[in-house]
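Below, chains carry the letters A, B, ... as their sequence lines are ordered, and counting in each starts from 1.
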There are 2 protein chains.
Amino acid sequence: MRKRRDSLASVVAKDLAERIERGDYAVGDKIPIEAQLCEMFNVSRTVVREAIATLRSEGLVTSRHGVGVFVEERANPALSITKEAAGELSEVLELLELRLGVEVEAAGLAARRATEDDLRAIRDVFDKACDLDAFAEQPRELDYAFHLAIARASGNGWMAKFMDFIGPVIIPRSQLLHASQPEITRDYLRQMVDEHRRILDAIAAGDAVAAQEAMRMHLSTSLDRYRKRLVES
Amino acid sequence: MRKRRDSLASVVAKDLAERIERGDYAVGDKIPIEAQLCEMFNVSRTVVREAIATLRSEGLVTSRHGVGVFVEERANPALSITKEAAGELSEVLELLELRLGVEVEAAGLAARRATEDDLRAIRDVFDKACDLDAFAEQPRELDYAFHLAIARASGNGWMAKFMDFIGPVIIPRSQLLHASQPEITRDYLRQMVDEHRRILDAIAAGDAVAAQEAMRMHLSTSLDRYRKRLVES
DNA sequence: GCCTCATCAGTTGTCTGATGACTGCGCAAT
DNA sequence: ATTGCGCAGTCATCAGACAACTGATGAGGC
């Protein structure tokens with residue numbers, strides 16, 4: 001009985017998207033004209049147009065003025081993180097696992113490819129975090145900056161983009177997430193710096209395997225901390 | 001003099017998005033009501049509503065019926081693959097590197113967590129590809145299906161989503177990409193089946209390290225094939 | 001004093017009808 | 001055969017009205 005929850009426009013958009021995905025309308029096909037859609041869904045043109053505006057912004061269709069609306073070959077299934085998903089602790093855990101895979105590889109590539117500039121950038125961030133007081137103030141931000149610098153040093157644009165992508169989740173702003181995060185002690189920070197140093201050294205030495213291992217170790221530790229947190233709650 | 005190129009709605013949407021990104025309206029703030037926006041941009045309500053529908057679908061704002069439209073904290077810088085990027089061979093290469101990192105991890109997780117059903121699903125796809133004639137007909141599709149099954153077996157939703165995400169690039173439809181792909185010989189298919197078998201066996205045996213290594217080997221091979229192709233062209 | 005609930009103003013959601021703008025196609029003129 | 005024109009189909013935009021929802025205010029009962 002919760003039909004009021006979703007607006008008509010979004011219902012129509014979802015339905016249309018489904019039909020397109022299902023292949024009812026093939027790529028390149030023209031979908032029914034506005035008037036027909038109005039009749040199909042028993043809604044006004046306003047609603048239909050808003051629904052199509054949504055699909056268009058998602059790249060599922062394109063409108064051609066005076067001609068019609070056509071199904072687009074969608075090359076962007078847009079990997080996106082929704083708030084709800086990011087709110088679930090278990091989802092954050094899974095995201096961390098994904099991140100581990102990517103970053104281990106990034107560390108390996110960085111060891112092979114990092115330029116002098118890349119290394120300097122990584123070292124800069126690392127040095128900043130060596131000051132435990134500064135590190136304690138922005139633990140997540142500095143940690144993230146370190147990892148981002150490595151992703152950049154991998155010379156792989158997608159990895160850098162990927163880190164941008166999950167950044168907002170790693171540095172959570174919502175209270176919910178903060179509450180569910182492990183507490184940060186002085187000892188923990190020291191350990192972090194140590195782990196960072198191992199990664200940095202391996203990359204600087206150009207030892208890809210060692211860099212991968214160090215990164216895996218580092219992320220596994222924080223993954224375990226989260227896991228413990230999860231079973232506690 | 002290109003004013004006719006973009007629809008009013010998209011112009012308004014872009015402008016509003018810019019203002020939001022720029023911080024004119026802070027997260028949580030209510031943006032001006034529809035009537036005011038109409039006045040600001042000198043457009044009708046239809047246009048404003050379509051623009052807002054776009055922003056909403058992008059997660060930049062949320063509408064609350066009877067209250068207003070509010071700026072969302074957008075946690076999705078939307079990792080998306082654009083057509084142009086996917087067209088560049090070098091970009092495909094980098095995407096493959098990213099994929100390698102994710103899939104190596106997925107294989108390891110699958111070895112630890114795969115259920116009976118998961119294993120059956122992987123084996124089904126593998127068996128299909130064992131018939132070299134069938135494999136030759138849809139080499140990329142079957143290979144992709146195998147990898148997708150493993151990602152699913154990892155028990156990590158994000159990894160499965162990630163594979164969905166890059167699927168369209170791995171199974172390219174555009175002529176451009178096909179032309180730039182390595183040619184597929186009978187020998188190559190046999191080798192693929194062999195590599196797949198190693199991965200499958202390791203996962204079935206629950207040997208995470210072996211699964212990771214097998215997967216890394218498998219993807220490295222195809223990465224090398226692409227690299228060779230790149231220097232040739 | 002405090003709680004309950006009806007009412008109201010403000011805002012988004014939906015509907016309707018009309019007009020403008022653009023495209024593709026056929027047809028006529030050359 | 002080519003060119004140009006007009007027409008029908010379709011999307012884009014406008015204008016106005018009403019419906020539905022929310023949050024705040026204030027009246028009334030306890």
(request) May I ask you to decide if Val61(B)'s main-chain N or O and Arg56(B)'s side chain share a donor-acceptor pair within less than 3.5 Å? (result) no

(message) Parallel, tilted or perpendicular, judged at 30° and 60°: which one describes the rings of His218(B) and His147(B)?
(response) parallel

(request) Report which part of the nucleic acid Arg64(A) touches: base, sugar-phosphate, or nothing (heavy-atom distance under 4.0 Å, all strands). (result) sugar-phosphate

(request) Could I get the full list of salt bridge (charged side-chain N to carboxylate O under 4.0 Å, His left out) partners for Asp15(A), not counting sequence neighbours? (result) Arg19(A)

(request) Round to a whole Å and report the spacing from CD1 of Ile31(A) to P of dC11(D). (result) 8 Å

(request) Output the residues of residues 41-48 of chain A in contact with DNA chain C, where contact means a heavy atom of the residue under 4.0 Å from an atom of the strand; sort by number or write none. (result) Asn42(A), Val43(A), Ser44(A), Arg45(A), Thr46(A), Val47(A)

(request) Round to the nearest Å and state the distance from Leu37(B) atom CG to dT11(C) atom P. (result) 12 Å

(message) Taking Met163(B)'s backbone N and O only, do any of them form a donor-acceptor pair with Tyr144(B)'s side chain (distance below 3.5 Å, no angle check)?
(response) yes

(request) Would you mind reading off the distance between Glu34(B) atom CD and dT11(C) atom C1', rounded to a whole angstrom? (result) 8 Å

(request) When you get a sec, tell me which of dT10(D), dT12(C), dT22(D) is the closest nucleotide to the side chain of Lys30(A)? (result) dT10(D)

(message) By nearest atom, which of the nucleotides dT12(C), dA12(D), dT10(D) is closest to the Ile33(B) side chain?
(response) dT12(C)

(request) Find the distance Glu39(A):CD to dT16(C):C1' and express it as a whole number of Å. (result) 16 Å

(request) Record whether the side chain of His65(A) comes under 3.5 Å of the base of dC11(D) through a donor-acceptor pair of N or O atoms. (result) yes

(message) Rounded to whole Å, how long is the line connecting atom CD of Glu50(A) with atom P of dT13(D)?
(response) 13 Å

(request) Spell out, as yes or no, whether a donor-acceptor pair under 3.5 Å connects the side chain of Gln36(B) to the backbone of Ile33(B). (result) yes

(message) Donor-acceptor pair, distance only, cut-off 3.5 Å: does the side chain of Glu34(B) make one with the backbone of Arg45(B)?
(response) no

(message) What is the distance, to the nearest angstrom, from the CZ atom on Arg49(A) to the C1' atom on dT13(D)?
(response) 8 Å

